[in-house]
Amino acid sequence: MKNRIATYFTWFVLKCWWLILLVATLGAISSFQTSQALKFKSDFLELLPDYFPSLKSLNAIKERAGGEGYFIVVLEGGELSQTKALADILAQKLSTFPEISYVDYQFDRNFFEPRSLLFIDLPDLEILKQRLAKKIHYERNRHNPFYIDLLEEKDSFQIDDLKEKYTKSLIRDYYVTENPERVVLLAKPKGLATNLSFSKTLLSKTQALIATLNPKSFDPNIKVKYTGRYVTQLEEAQFMNQDLRRTSLIAIIGVLLSIILYTRRWSSVLIIAIPLLLSILYTVAFATLTIGYLNVVSSILIGVLTGLGIDFGIHLYLRYLEERRHHLPLEEAVFKIFKACGKPVFMAAVTTAIAFLVLTPSQFLGFSHFGWISGMGILICLITTYLVLPSLLVAQEKIIPYRPKLALVLAQPDFWIHHQKYPKPLVTLCASIGIMALGLWGVFQIQFDYDFRKLSADSFGTLALQEEISSYFGVSLSPAVVYVQDPKKLPQLHKTLDTLRKKTPNSTIKNGMSLYSYVPEHQPEKLKIIADIRKLSNDKAFKFLDTDESQELQNLKKWTSVESFGLNDLPPLLRQQYNPINGYEGSFLFIFPGVDLWQGKEVVRFADEIRQFQKEAKNQNIIVASEAVIFSDILMLIQREGPLALLASLMALLVLLFMDLKRFSSVALVMSPLIAGFLSLIAFLYVFNIKLNFMNCVIFVILIGMGIDSGLHIFHRYQEMGPRSLRFVIRHTGGAVFLSSLTTMIGFGALFFANHRGIESFGLLSFIGIFLTFITAVTFLPAVLQLMENRMLRKKSTQQRLNSKTDVQKERDLQFHTINE
């Protein structure tokens with residue numbers, strides 16, 4: 001069967017090589033045009049399917065609230081008055097943009113300052129009233145000529161403690177940070193940050209507007225900076241594009257150089273690289289047609305294909321050179337590579353592809369898209385290499401016939417005469433077992449890194465600036481959003497939220513904000529106390545106060561002239577921030593976290609509280625959405641589906657290997673270097689305290705497909721050559737395995753130069769994992785095979801001695817029988 005398939009492929013390539021190359025060229029042109037439509041989506045939200053409840057809720061909220069987060073413009077430096085003047089003009093101009101709903105950059109001082117006393121709690125108003133009464137009593141006694149103060153205690157009218165308590169609830173004018181002084185403008189876009197074209201248009205229009213305003217004309221020291229989700233998303237996409245170009249270039253150059261240095265033939269670069277480049281083009285076009293975009297995980301596609309896809313060409317080409325150096329003609333050499341390398345290359349490709357494809361059913365789109373595109377890409381590489389590489393060899397022979405040097409003409413080896421064993425197999429085995437034991441211990445010690453900051457790229461400091469702005473406001477700029485169709489239900493939602501906070505130990509919820517947060521409660525009761533305060537403040541006893549106390553009293557007296565107000569009396573700009581868009585009625589409640597949402601464990605805790613709030617308020621007909629809930633879903637999917645994907649890959653691999661090798665013992669032998677490599681990688685992570693994250697943890701699934709290749713090629717070649725051939729196999733097939741592993745390490749290792757730190761961590765771990773699986777394939781597996789071969793040879797030798805003794809005894813018995821006769 002194998003000879004028949006090899007014969008057919010050989011006949012087809014030799015007869016139709018020009019047609020194969022023509023079709024491949026036309027396919028490359030078409031694929032290049034198709035791949036121009038491929039997009040990049042760097043948002044973590046793209047890692048969940050649309051049918052997920054948390055994502056559906058977020059989309060519903062976006063439809064009612066517009067974009068998530070803010071487009072933030074920061075004016076830094078310069079004279080503060082000039083910066084504020086620029087902010088006034090800029091906010092007015094930005095508000096006219098069709099992409100912007102509103103611009104929030106200052107508190108309405110004129111509305112809230114006269115109503116300051118209404119925001120003070122009833123007990124504190126009573127304290128204020130008592131202090132005034134006590135001050136009146138003191139002033140009257142002080143100016144009474146018949147009153148003698150034996151203690152000579154002075155009673156100063158102070159309300160600084162109350163001011164400090166309510167500072168954040170009282171008056172702010174512009175949003176101005178300190179150290180350094182910055183004026184912050186929060187623009188609320190109507191579009192989504194994940195829509196990169198929208199974000200790019202918004203940023204470019206804002207930059208053009210600021211250029212026309214000429215900030216230097218206000219003050220030469222003014223600097224303009226941009227941050228917020230809309231800017232960070234653009235930068236993430238930009239970094240991904242740059243990373244893709246840089247890492248792809250590094251991978252391709254590194255791979256080609258390694259091929260040239262190993263083969264010492266310039267033509268080998270073209271023979272091996274052309275099928276690879278064609279395969280990458282075909283795969284990118286395939287990804288464009290089937291999915292349409294790459295996410296933050298599948299963006300490493302080209303690095304993966306460069307490292308893995310070139311392996312097939314390396315094994316076929318090096319075997320071709322080996323056969324041609326033995327003076328086999330072209331036709332026989334092509335037939336030989338199909339016959340000898342066809343099956344192991346095919347099995348290596350299929351096992352790698354299956355290891356990727358089992359990720360496809362995953363709900364986590366990081367796994368699913370990566371598995372689908374990479375798995376199909378491996379199969380595309382296999383088919384392209386099988387057809388194009390031999391066709392290129394035929395074309396090369398037509399132009400420049402191959403002439404092997406006499407010095408390189410080698411006789412076919414006779415391993416039974418020239419027997420060279422693998423050196424010290426028992427020492428190798430013991431050392432490997434020691435490392436594997438450390439790896440088994442490390443399995444229970446490795447930690448998962450939940451810090452999302454380590455998975456982002458922030459070369460321009462935009463993300464750090466966003467965190468500084470969030471720190472200034474004292475809350476996250478990405479709160480959980482609750483939509484309620486009937487605004488009258490908001491007070492009840494506030495009570496539900498407060499009850500949840502109080503009964504939850506170490507609650508992750510800081511507070512909730514809605515329009516009702518700006519309308520103080522118990523206004524009738526407060527107005528009665530304020531009326532008493534107003535009456536007390538007009539007492540004649542205060543006419544002799546010193547300057548500071550008199551000014552304090554005048555401010556207080558001014559604030560006592562206040563009336564009650566409701567939602568409809570709030571400033572229009574403030575109400576607009578809580579009103580839905582697109583014709584929806586209702587209002588919003590924003591739930592602000594009191595924990596760092598860059599920490600995965602805190603994200604899960606906050607998400608759990610949000611889900612509990614939604615459960616307790618289910619009768620209020622609300623929609624709740626939060627990016628924290630989505631991140632929590634992503635983490636839970638990884639924790640749940642990661643082990644399942646690993647198990648599915650292993651099971652699929654075992655089935656394929658058994659179909660190929662037909663014996664469990666052979667399957668165990670081929671699997672042994674993979675298992676040893678796995679445990680060695682875990683030992684490495686444990687010793688150097690390297691943590692896993694949700695991007696680099698996928699390397700274990702990938703290593704199942706990649707790590708099996710080396711052992712499979714060595715075992716098949718050993719089966720082909722027979723006993724006593726281990727040194728020969730390691731020298732020849734081991735060389736091909738070394739080159740293919742080296743190119744794979746370069747392909748994945750190029751990701752280490754990415755700006756995106758998540759991709760960088762994946763590149764580092766991949767490089768180490770591939771290196772360790774290669775080392776175990778050329779040390780651990782040959783050591784086991786050598787020990788098995790030694791045992792077989794000893795058994796065979798013992799059997800031969802026994803047979804020899806038996807033959808001698810039979811001859812003696814025959815002689816004795818003859819003599820007796």
Just wondering, more than 12 heavy atoms not from Glu563 lying within 6.0 Å of its CD?
no
Smallest heavy-atom separation, Ile622 atom then Phe613 atom, equals CD1-CE2, 4.1 Å
N/O donor-acceptor pair under 3.5 Å between Arg64 side chain and Asn582 backbone:
no
Worked check of side-chain contact (heavy atoms from CB on, under 4.5 Å) between Ile61 and Ile623:
CA-CA 7 Å; Ile61 289 293; Ile623 301 175; 4.0 Å; yes
Surrounding NZ of Lys62 (heavy atoms of other residues, nucleotides or ligands, distance under 6.0 Å), is the total greater than 12?
yes
Could you tell me which non-hydrogen atom of Leu55 sits nearest to which non-hydrogen atom of Pro49, and how far apart they are?
CD2-O, 3.3 Å
Cationic tip of Lys188 within the cone over Tyr70's six-membered ring, i.e. under 6.0 Å and within 45° of the normal?
yes
Salt bridge (Lys or Arg N to Asp or Glu O under 4.0 Å) for Lys225 and Glu468? Distances and angles first, verdict last.
CA-CA 13 Å; Lys225 298 180 179 179; Glu468 290 179 24; over 6 Å; no
State, to 0.1 Å, how close Ser54 and Leu48 come at their nearest heavy-atom pair, and which atoms those are.
OG-CD1, 3.9 Å
Side chain Glu641, main chain Gln363, donor-acceptor under 3.5 Å
yes
Any donor-acceptor pair under 3.5 Å linking the side chain of Thr227 with the backbone of Thr462?
yes
To the closest 0.5 Å, what do you measure between CD1 (Ile291) and CD1 (Ile373)?
4.0 Å
Do Val562 and Leu527 come close enough that some side-chain heavy atom pair is under 4.5 Å?
yes
Ion pair check, Glu602 and Arg605, cut-off under 4.0 Å
yes
Phe444, CZ: over 12 other non-hydrogen atoms inside 6.0 angstrom
no
Given side chain to side chain donor-acceptor pair (under 3.5 Å), test Ser199 with Gln233 step by step and report yes or no.
CA-CA 8 Å; Ser199 300; Gln233 284 295 302; over 6 Å; no
Check whether any side-chain N or O of Gln523 sits under 3.5 Å from a backbone N or O of Phe565 as a donor-acceptor pair, and report yes or no.
yes
Checking Arg575 side chain against Leu570 main chain: does a donor-acceptor pair fall under 3.5 Å?
yes
Minimum heavy-atom distance between Phe592 and Met513, given as atom pair plus value
CE1-CG, 3.5 Å
Take a 6.0 Å sphere around CG of Asn506 and say whether it holds more than 12 heavy atoms from other residues, nucleotides or ligands.
no
State whether the side chain of Thr177 and the backbone N or O of Arg182 hold a donor-acceptor pair below 3.5 Å, judged by distance alone.
yes
Mark yes or no for whether Asn696, through its side chain, and Leu692, through its backbone, hold a donor-acceptor pair below 3.5 Å.
no
Criterion side-chain contact (heavy atoms from CB on, under 4.5 Å) on Ile610 and Val624, from CA distance to verdict:
CA-CA 8 Å; Ile610 294 299; Val624 183; 3.5 Å; yes
How long is the span from the CG atom in Leu703 to the CG atom in Leu765, to the nearest 0.5 Å?
8.0 Å
Taking atom CE of Met651 as the centre, report whether more than 12 heavy atoms of other residues, nucleotides or ligands fall under 6.0 Å from it.
no
Over 60° means perpendicular and under 30° means parallel, so classify the ring planes of Phe112 and Tyr518, tilted if in between.
tilted
Run through Thr96, Val73, Leu185, Leu186 and flag the one making a side chain to side chain contact (heavy atoms under 4.5 Å, CB included) with Val103.
Leu185
Could you walk me through whether Glu609 and Ser507 satisfy the side chain to side chain donor-acceptor pair (under 3.5 Å) test, starting with their C-alpha distance in whole Å, then the side-chain angles of each, then the deciding distance to 0.1 Å, before giving a yes or no?
CA-CA 8 Å; Glu609 277 198 76; Ser507 175; 2.9 Å; yes
Indicate the atoms forming the closest heavy-atom contact of Leu574 with Leu515, along with that distance.
O-CD2, 4.0 Å
Treating Thr232 as the side-chain partner and Gly228 as the backbone partner, does any N or O pair qualify as donor plus acceptor under 3.5 Å?
yes
Are the side chain of Ser298 and the backbone of Asn295 linked by a donor-acceptor contact shorter than 3.5 Å?
yes
Scanning both residues in full, the closest heavy-atom pair of Ser517 with Gly512 reads OG-O, 3.6 Å
Does atom NZ of Lys190 have more than 12 heavy-atom neighbours, drawn from other residues, nucleotides or ligands, at distances under 6.0 Å?
yes
Check each of Phe678, Phe762, Phe367 against Phe700 using the ring-ring contact (aromatic ring centres under 6.0 Å, His included) test, and report the only one that passes.
Phe678
Can you tell me how far apart CD1 (Ile509) and CD (Gln612) are? Round to the nearest 0.5 Å.
10.0 Å
Could you check whether any side-chain heavy atom of Leu497 comes within less than 4.5 Å of a side-chain heavy atom of Leu493, counting everything from C-beta outward?
no
Check step by step if side-chain contact (heavy atoms from CB on, under 4.5 Å) holds for Lys489 and Asn621.
CA-CA 9 Å; Lys489 295 181 179 179; Asn621 192 24; 4.3 Å; yes
Do the numbers put Arg115 on top of the ring of Phe111, so that NZ or CZ is under 6.0 Å from the six-membered ring centre and no more than 45° off the axis?
yes
Heavy-atom check, side chain of Lys526 versus side chain of Leu122, under 4.5 Å:
yes
Run the numbers on Val183 and Tyr175 for side-chain contact (heavy atoms from CB on, under 4.5 Å), then give the verdict.
CA-CA 6 Å; Val183 176; Tyr175 296 156; 6.0 Å; no
Using a 4.5 Å cut-off on heavy atoms from C-beta on, say whether the side chain of Leu490 contacts that of Leu589.
yes
Distance in Å, Leu751 CG paired with Glu760 CD, rounded so as to fall on 0.5 Å steps:
10.0 Å
State, yes or no, whether a side-chain contact exists between Tyr105 and Leu94 at a heavy-atom distance under 4.5 Å.
no
Is the closest basic N to carboxylate O distance between Arg611 and Asp608 below 4.0 Å?
yes
Close side-chain approach of Leu202 to Ile100, heavy-atom, < 4.5 Å
yes
Heavy-atom count around Glu525 CD within 6.0 Å, excluding the residue itself: above 12?
yes
Determine whether Ile530 and Leu118 make a side-chain contact, defined as any pair of heavy atoms from C-beta on separated by less than 4.5 Å.
yes
Kindly indicate whether the side chain of Phe97, heavy atoms from C-beta on, has any atom under 4.5 Å from the side chain of Thr201.
no
Any side-chain to backbone donor/acceptor pair from Tyr483 onto Ala65? Under 3.5 Å, distance only.
no
Measure the acute angle between the ring planes of Phe71 and Tyr226, then classify it against the limits of 30° and 60° as parallel, tilted or perpendicular.
parallel
The criterion is ring-ring contact (aromatic ring centres under 6.0 Å, His included); which residues satisfy it with Phe590, sequence neighbours excluded?
Tyr578
Point-to-point distance, once rounded to the nearest 0.5 Å, from CG of Asn59 to CG of Asp50
6.5 Å
Out of curiosity, Asp104 CG to Gln576 CD, how far, rounded to the nearest 0.5 Å?
10.0 Å
